[in-house]
Structure formats: C-alpha cells, structure tokens
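Everything below concerns the one structure shown next.
Worth knowing before you read on, the calculation uses all heavy atoms, side chains too, and leaves out hydrogens, waters and symmetry mates.
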Number of protein chains: 2
Amino acid sequence: MKQKVDFSDKQKQIARIAKALSHPARVYIIERLSILNSCCTSGEMIGDIPIARSTLSQHLKELKYAGLIQGEVEPPKIKYCLNQENWQLAKKYFSNLFDNSENYEKK
Amino acid sequence: MKQKVDFSDKQKQIARIAKALSHPARVYIIERLSILNSCCTSGEMIGDIPIARSTLSQHLKELKYAGLIQGEVEPPKIKYCLNQENWQLAKKYFSNLFDNSENYEKK
DNA sequence: TCACCATTTCGCAAAATTACGAAATATAAT
DNA sequence: ATTATATTTCGTAATTTTGCGAAATGGTGA
C-alpha cells in the first residue's frame, strides 16, 4: 500500500511563519518593529491602526507565540522588539522558497 | 479627534499572500510548482500529502484565488503552474519586508 | 450510449480566528 | 491608601477555515 507521508518540518515552519503574517495588523507590527530595528509599546502602535487595544494585544500575543517578536517589561510599559534570531531564520526560509523559481526567464 | 487610518494596501497585500501560504499543504503545492518551475496535476500531488482529494482541491482553489497559481485544462487533466508574474511580485513584497531589518548587527 | 477518468462542488461538522468592551492586573505617583 | 497609566485577560459572538465523503461535472474512449 502507498505510504502517505506527513508534511515536512520545513513546510510546517513556513506555514507557521506565514500564518503569523497573515493579518494586516500583524504585518503592521512587524514593519514597525523592523524598520530601523525600533522597538515600541502597544500604546505607541494603537494610534495608527483601526482596531481595539485588546485586539492589538491578541495580535502581539500571537506574534510572540510564533517567536517573531518579544516583549521586555519597562514599567509601566512593555517594549516590544523583533526577535532578530527568529526573524532572520524566517527570512532564510522565505528566501529559499522564493529562490526555487529564480531561474525562470533566464535565457 | 485623532484619525484612525486603515491598513495600507501594502500591508493588506502581504497579509493576503501570507495567508495563502499559511497552510503546509499550500506550501507543499508552491514548492512543488516552483522547484524547476515544473507544472503538475492534482493527481500527481495527492500521493505525497496526507489529505483527501477534495481538500487538496480546495487548497488549489485558494491559491488560484490568491493569484499565486493557475490551472490549464489538458483533458482529462488540469495542469497547475505557478503564476510567475504574481509569484515574483510576492517575492518582491517579502524581500522588502525582510530587508527592513537588514542592517541589524552590521558594525 | 455507456463506462471511465480526473477533478471539483456540495453539504456538513469541528475547530480556529477575529473582534469588541468590560474587568482584571501590575506598577508608579500622589 | 487611592488614583492614574499601560496593558492583558475574560467572556462572548460572528465569521472563516479545514476537513471529509458523496455526488456532480466534463471530457475520452469503447
């Protein structure tokens, strides 16, 4: 009988990262934290996006869970930053995926 | 009063593409179609992944809807291929996103 | 016409996602 | 101790996603 194989770890990893980036609010967060590698608080972000504070908090939680960001407590605030290590890893995964089709249209 | 702005088109675009890639089956499909830029049919894919035919069909439909792949009818089969134009566009969006944090750790 | 093949659509169920406001938490300042 | 500030957690509702098997579709070949 034919053996059905599970998805590869790489496929699951890419899907996990993509899922973390699959909402505009989370893309906004990542953009904000990656541009100039600047950290900031939830309160600084909330003014720029059309969602409630509690909803933003949930998105931050998901990105944290996915390992793409991390929060440092700086009472009374929490400063969020990119998790550089994992972000670079994510970059590697995606570069790899996109490079498969690299040779298209090279004569 | 403070004006809340909508998410940018760029943020929405990235989120849409990420969503399309947020399931291992869809990552598998994209990998399969992009490696060597080879097209193939649903029937050729189904043997390699642990989901039902109808479920695979749904994933193909979503990728098609997202514009990342396209299907050419070749009776009695349907040959799926990457939509190179949109895939290259996706690559651009993501490269851009990842490049924001490029200068991290440059001394 | 009838059977066959590859694939999709349908109908449905279970689970996950997104969203909000209210309430809770934790810390700092008065 | 009380108040103020920043943020999260809770409870809940609406919507979307994922999955399957059964049935439908569109085309070929006998």
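Nearer the 5' end of DNA chain C, as judged by each residue's closest nucleotide, is the contact made by Ser22(A), out of Val73(A) and Ser22(A).
The interatomic distance linking Ile46(B) (CD1) with dG21(D) (P) rounds to 11 Å, in whole Å. One interatomic measurement links the two molecules: NZ of Lys64(B) to C1' of dT7(C), which rounds to 10 Å at whole-angstrom precision. In this structure, Lys61(A) atom NZ and dT9(D) atom C1' are separated by 7 Å, rounded to whole Å. Rounded to whole angstrom, the span from the CZ atom of Arg26(B) across to the C1' atom of dG19(D) amounts to 12 Å. Nucleotide dG27(D) holds its C1' atom 11 Å from the CD1 atom of Ile78(B), rounded to whole Å. At whole-Å resolution of the value, CD in Gln58(B) and C1' in dA14(C) are 14 Å apart. Rounded to a whole Å, the CD1 atom of Ile69(A) is 13 Å from the C1' atom of dT8(D). Glu74(B) has its CD atom 11 Å from the P atom of dT7(C), to the nearest Å.
No side-chain heavy atom of Val27(A) sits under 4.5 Å from any side-chain heavy atom of Gln13(B). Residues Tyr80(B) and Cys39(B) fail the side-chain proximity criterion, which asks for heavy atoms closer than 4.5 Å. By the 4.5 Å heavy-atom criterion applied to side chains, Trp87(A) and Ile30(A) are counted as neighbours.
Side-chain proximity of Leu60(A) to the nucleotides dT7(C), dT8(D), dT18(C) is greatest for dT8(D). Out of dT7(D), dC20(C), dT18(D), the shortest distance to the side chain of Tyr80(A) is found at dT7(D). Here the nucleotide nearest the side chain of Arg53(A), chosen from dT8(D), dT7(C), dT18(C), is dT8(D). Considering only the side chain of Ala52(A), dC20(C) comes nearest among dT7(C), dT7(D), dC20(C).
Of the candidates Asp48(B), Leu33(B), Leu56(B), Tyr28(B) forms a side-chain contact (heavy atoms from CB on, under 4.5 Å) with just one, namely Asp48(B).
For Ser57(B), no side-chain nitrogen or oxygen approaches OP1 or OP2 of dT7(C) to under 4.0 Å. Taking side-chain N and O atoms only, His23(A) has a distance below 4.0 Å to OP1 or OP2 of dA19(C). Taking side-chain N and O atoms only, Ser54(B) has no distance below 4.0 Å to OP1 or OP2 of dT7(C). In this model, the phosphate group of dA19(C) is approached by a side-chain N or O of His59(A) to a distance below 4.0 Å at OP1 or OP2.
Here CD of Gln70(B) is found 10.5 Å from NZ of Lys64(B). Values are rounded to the nearest 0.5 Å.
In this structure, Lys19(A) reaches the sugar-phosphate backbone alone: every heavy-atom distance under 4.0 Å involves primed, P, OP1 or OP2 atoms, never a base. Thr55(B) comes within 4.0 angstrom of a base, heavy atoms only.
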